[in-house]
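Note that this is a predicted model, so its numbers are computed, not measured. Computed over heavy atoms, backbone and side chain alike; hydrogens, waters and symmetry mates excluded.
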Amino acid sequence: MNSVNLNTDRKLLPATESLLAEIAGKADFHIIDAYKNAVLCFGSKADADELLKKFLEEPTEPFSEDLLEIIGQWGDEKHAREIFNCCITDIRLNENFPEAVLEVLGRLKFEPAKPVLAHYAFRSSQYYLNRSAVLGLLHFDCREYQQEIKNAVTGVLSKNTFPEFLPALVCKLENRKELLDQLFHSGSTTISTDCNAGIFLGFALCGKDGKKYFKEALFDPNWEAFYNAARMVVKGMDHLEISFEELLQEATLIKDEKVLQYYMLVLISLLEIKVKSYENSGESFEKIYRSLFVTKLFLILAEKAGQEDDAEKLEELLILRMKEEVMLRNRR
């Protein structure tokens, strides 16, 4: 669903008040997630203002990352500066503060945070610190870090495991074609599928330079795109404008039964993530439904692959999301 701000007068969204009330109470995860998704889709700077107040009061409390996610969506430099002043001391994240601070500071393109992000991206092996720092750095041009990025990406090529998102920074290199080829080879032969989400993301963010590698890895069993990297693969598809219809049409050309079984396993897994996601990008649910299920082609291929039950359940979920999407799109 594309984000739509229905609050033209910029008043606080009711879901924001409900979110804060839920956090202050028993705090059920699924209820909080529902309110958070509503604010991500339909909020405004007013919601970011209110949630920033709550975050600054209790930055280390549970659900602070949910608040940060919304602030990253609707906030600006002012929000970033207050978060930075609260959470960063001597170019380091304060102890026990949420790692998501790093990603949000990058998303809001707060320049003073770059040395902090660079430190954790190139020097930290702690999973969430490194992940958030890398995802934050992706919002900057990183011209001053060309050598550090090259060294970091080159350093993972012969390893089975490493900080998973580090290779995504390959997209920031001015000269990256040789490294892209090496990353693809290592991902196909050496690198664990527990660590390839960042590579998929890096391929996607390289645009046309990385698209061929992304597409080749997508249905290669050595990459297991249906597994650990699946969410980043869906993000990559959105960025590269690879539609589910395009992938389905390619499936019709497959003659080998085992190849089709794996292909449909990946496709169904990616579509399930898409249907359950509230991220504001990519194809509409109506478009996906029309191109996959109106023609029945998706179900026909799923049946051939022995995955008809999973496909039918997915169709039901997609129909619900499509109805929701159409109602919201036509709300007065």
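Residues Glu324 and Arg321 are paired through a salt bridge, judged by an N-O separation under 4.0 Å between the basic side chain and the carboxylate. Taking a cutoff of 4.0 Å between a charged side-chain nitrogen and a carboxylate oxygen, Lys235 and Asp238 do not qualify as a salt bridge. Using a cutoff of 4.0 Å between basic side-chain nitrogens and carboxylate oxygens, Lys276 and Glu272 are scored as salt-bridged. Electrostatic pairing of Glu250 and Lys215 counts as a salt bridge here, judged by a charged N lying under 4.0 Å from a carboxylate O. The existence of a salt bridge linking Glu103 and Arg107 is excluded, since no basic side-chain nitrogen approaches an acidic carboxylate oxygen closer than 4.0 Å.
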- Evaluate the side-chain contact (heavy atoms from CB on, under 4.5 Å) criterion for residues Cys171 and Leu138: first the C-alpha distance (whole Å), next the side-chain angles of each, then the deciding distance (0.1 Å), finally the verdict. CA-CA 8 Å; Cys171 68; Leu138 290 174; 3.7 Å; yes

Checklist entry - How far apart are the C-alpha atoms of Phe214 and Phe200, what are their side-chain angles, what is the distance that settles it, and do they pass the ring pair (Phe, Tyr, Trp, His ring centres under 6.0 Å) test? => result CA-CA 6 Å; Phe214 184 93; Phe200 270 110; 5.7 Å; yes

Practice item. Begin with the C-alpha distance, continue with both residues' side-chain angles, and end with the deciding distance and a verdict on side-chain contact (heavy atoms from CB on, under 4.5 Å) for Cys142 and Ile149. Key: CA-CA 9 Å; Cys142 296; Ile149 293 172; 3.9 Å; yes

Item checked: Ile199 vs Trp223, side-chain contact (heavy atoms from CB on, under 4.5 Å): CA-CA, chis, key distance, verdict -> CA-CA 10 Å; Ile199 303 177; Trp223 286 78; 3.8 Å; yes

Could you give the side-chain donor-acceptor pairs of residues 293-311 under 3.5 Å, partners two or more places apart or in another chain?
{"unit_1": "Thr295", "atom_1": "OG1", "unit_2": "Leu297", "atom_2": "N", "d": "3.3"}
{"unit_1": "Gln307", "atom_1": "OE1", "unit_2": "Leu265", "atom_2": "N", "d": "3.3"}
{"unit_1": "Gln307", "atom_1": "NE2", "unit_2": "Gln261", "atom_2": "O", "d": "2.9"}

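Between the side chains of Asn228 and Thr193, no donor-acceptor pair of N or O atoms lies under 3.5 Å. Donor-acceptor pairing under 3.5 Å is recorded for the side chains of Tyr227 and Asp194. Judged by distance alone, the side chains of Glu164 and Tyr127 do bring a donor and an acceptor atom under 3.5 Å apart. When only modelled atom types and interatomic distance are considered, Ser124 and Asn130 share no side-chain donor-acceptor pair under 3.5 Å. Looking at His79 and Asp76, their side chains do bring a donor and an acceptor atom within 3.5 Å of each other.
Qualifying salt bridge (Lys or Arg N to Asp or Glu O under 4.0 Å) partners for Asp209, counting only residues two or more places apart in sequence or in other chains: Arg176. Take Glu312 and apply the salt bridge (Lys or Arg N to Asp or Glu O under 4.0 Å) test, not counting sequence neighbours, and it matches no residue. Scanning for salt bridge (Lys or Arg N to Asp or Glu O under 4.0 Å) contacts around Lys53 gives Glu50, with sequence neighbours left out. Taking Arg290 as the reference, Glu286 meet the salt bridge (Lys or Arg N to Asp or Glu O under 4.0 Å) condition, with sequence neighbours excluded.
Within a 6.0 Å radius of CD in Gln126, other residues, nucleotides and ligands contribute 12 heavy atoms or fewer. In this structure, Lys159 places its NZ atom where only 12 or fewer heavy-atom neighbours from other residues, nucleotides or ligands lie under 6.0 Å away. When the shell of 6.0 Å around CG of Leu320 is examined, it contains more than 12 heavy atoms from other residues, nucleotides or ligands. The local environment of CZ in Phe244 is crowded, with over 12 non-hydrogen atoms from other residues, nucleotides or ligands closer than 6.0 Å. Residue-environment remark: CG (Asn175) stays at or below the threshold of 12 foreign heavy atoms within 6.0 Å.
Screening Val104, Thr60, Asp66, Leu68 for a side chain to side chain contact (heavy atoms under 4.5 Å, CB included) with Phe55, the sole residue that qualifies is Leu68.
Counting only residues at least two apart or on different chains, the ring-ring contact (aromatic ring centres under 6.0 Å, His included) pairs with a member in residues 86-113 are Phe84-Phe110.
Interatomic distance, Met322 CE to Ser284 OG, rounded to the nearest 0.5 Å: 9.5 Å.
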